[in-house]
Protein chains: 2
Amino acid sequence: MAKSSEVLHATQVDAVRLGGLETSIGLHLRLAQLRAYDRFFDAFQGVDLRPGEYSVLWLIHQNPGVRQGQLAERLEIKAAQMTKMIRRFEDQGHVRRVIPDEDRRAVCLFLTEGGSAFTLRHRDAFFGHDTHNHHGLSDAEVGQLIQLLTKYTTPTKGTGQ
Amino acid sequence: MAKSSEVLHATQVDAVRLGGLETSIGLHLRLAQLRAYDRFFDAFQGVDLRPGEYSVLWLIHQNPGVRQGQLAERLEIKAAQMTKMIRRFEDQGHVRRVIPDEDRRAVCLFLTEGGSAFTLRHRDAFFGHDTHNHHGLSDAEVGQLIQLLTKYTTPTKGTGQ
DNA sequence: CAATAGCAGTTTCCGCGTAAAGTATTTTCT
DNA sequence: AGAAAATACTTTACGCGGAAACTGCTATTG
């Protein structure tokens, strides 16, 4: 019965005619990103953290004193969203905000001791789920995929074809 | 001055040490999807439509009478979200909902005349932005990218790695 | 054929992500 | 130096997207 329902299930999905949508990069990107999310949450079960949040913690760990705006720009997170995220991290005791004397508009970010421990504790969960064990893709394929995504994201202006 | 600020700008972004994040598929997928969104909105200037919404209209156009659940499953849109989207389309006069006698729980979807015209009118904007003119990627690269994304999204279970 | 389980879709509630406006500080221009 | 512009972030308001609970209909089961 499980089998027959699965077959029926597959039949229904395949029954939808895509009419050209099957070659839509946008749709494939969406579906791929949903998988990436699933895998992240599998690796971070019960931790209540999102991929973007771990990325921010990791970058602060790698760049102590980095400014919010630099992280926002690099990760293409909007400034408003970054403010809220950092506020949450501050409330959780993971991140410390420092207003530098050199420019009192800016905010420099540091991990607390607890935040650093947290970040390192989940390092393998994050990079393991994403950098290694790429769920069916060989290392070469991962390299190719990243290269193609980068090319799609950053159209070559000067050196391009 | 524009030039010097651009240089400074680039310097700041490059100053962020990624520490392994540069090979994160998840991050690259996010950045690529943001570009796909940008390009869609460029192509649909002033139309107030999102990629997922056009996809749904297109699939209804290709599959008159298709059920909400089938679209939701194929596009991995949650049922709750699909309900709201279809409601909006109905309010705009693009889509007609029909409860079939064969199963009065279900909802079958049809484009109205206006909805069909709307969908066809923007067909090139959608497929042009996404299927052709892939912003720096050759046709072969697009094929490769889609193949890799598909493989990432749907890990081969039976045939193994 | 009534009771139970399952299904298709809807409603409610909540949080994230964004745009736009606001605040405080620094830089530029004259 | 003082006015204007730019910068770095914050606040506010709003819509989308998701989880969970709910409604109404259909299929199963004893």
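In what follows, every chain begins at residue 1, and chains take the letters A, B, ... in the order their sequences are listed. Heavy-atom basis, side chains included; hydrogens, waters and symmetry copies ignored.
Separating the CG atom in A:Leu57 from the OG1 atom in A:Thr119 is a distance of 4.5 Å, to the nearest 0.5 Å. Between the OG atom of B:Ser116 and the NE2 atom of B:His61 there is a distance of 4.0 Å, given to the nearest 0.5 Å. Atom CZ of A:Arg50 sits about 13.5 Å away from atom CZ of A:Phe44, to the nearest 0.5 Å.
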Short N/O separations, protein against nucleotides 12-19 of chain D, under 3.5 angstrom:
residue, atom, partner, partner atom, Å
D:dG17, OP2, B:Gln81, NE2, 2.1
D:dG17, N7, B:Lys84, NZ, 3.4
D:dG18, O6, B:Lys84, NZ, 2.7

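Look at CZ on A:Phe41: it is 11 Å from P on C:dC16, rounded to the nearest Å. Rounded to whole Å, atom P of C:dA8 lies 12 Å from atom CD of B:Glu102. Between the C1' atom of C:dC16 and the CD1 atom of A:Ile86 lies a distance of 15 Å, rounded to the nearest Å. Here the P atom of nucleotide D:dC25 and the CZ atom of B:Arg104 are 5 Å apart, to the nearest Å. When the C1' atom of D:dG24 is taken as reference, atom CD of B:Gln68 falls 15 Å away, rounded to whole Å. As rounded to whole Å, 16 Å separates atom P of C:dT11 from atom CE of B:Met82. In this entry the distance linking CG of B:Asp38 with P of C:dA19 reads 10 Å, nearest Å. Atoms CD1 (B:Ile99) and P (D:dG24) sit 13 Å apart, rounded to a whole Å.
Nucleic acid contact class of A:Ala79 (heavy atoms, under 4.0 Å, all strands): base.
Side-chain to base pairing of B:Arg105 with D:dT26: no donor and acceptor N or O lie closer than 3.5 Å to each other.
Residue-to-nucleotide proximity on DNA chain C shows that, of B:Cys108 and A:Asp103, the 5′-proximal contact is made by B:Cys108.
Checked by atom type and distance alone, the side chain of A:His94 never pairs as donor or acceptor with a backbone atom of A:Arg88 at under 3.5 Å. Between the B:Arg30 side chain and the A:Glu76 main chain, a donor and an acceptor come within less than 3.5 Å of each other.
The phosphate of D:dT10 has OP1 or OP2 within less than 4.0 Å of a side-chain N or O from A:Arg97.
Applying the side-chain hydrogen bond (donor to acceptor under 3.5 Å, both in side chains) rule to B:Gln45 yields no partners; only residues at least two apart in sequence or on another chain are considered.
Which of D:dA8, D:dT11, C:dT10 sits closest to the side chain of A:Arg87 comes down to D:dT11.
Screening A:Val16, A:Leu18, A:Leu21 for a side chain to side chain contact (heavy atoms under 4.5 Å, CB included) with B:Leu75, the sole residue that qualifies is A:Leu21.
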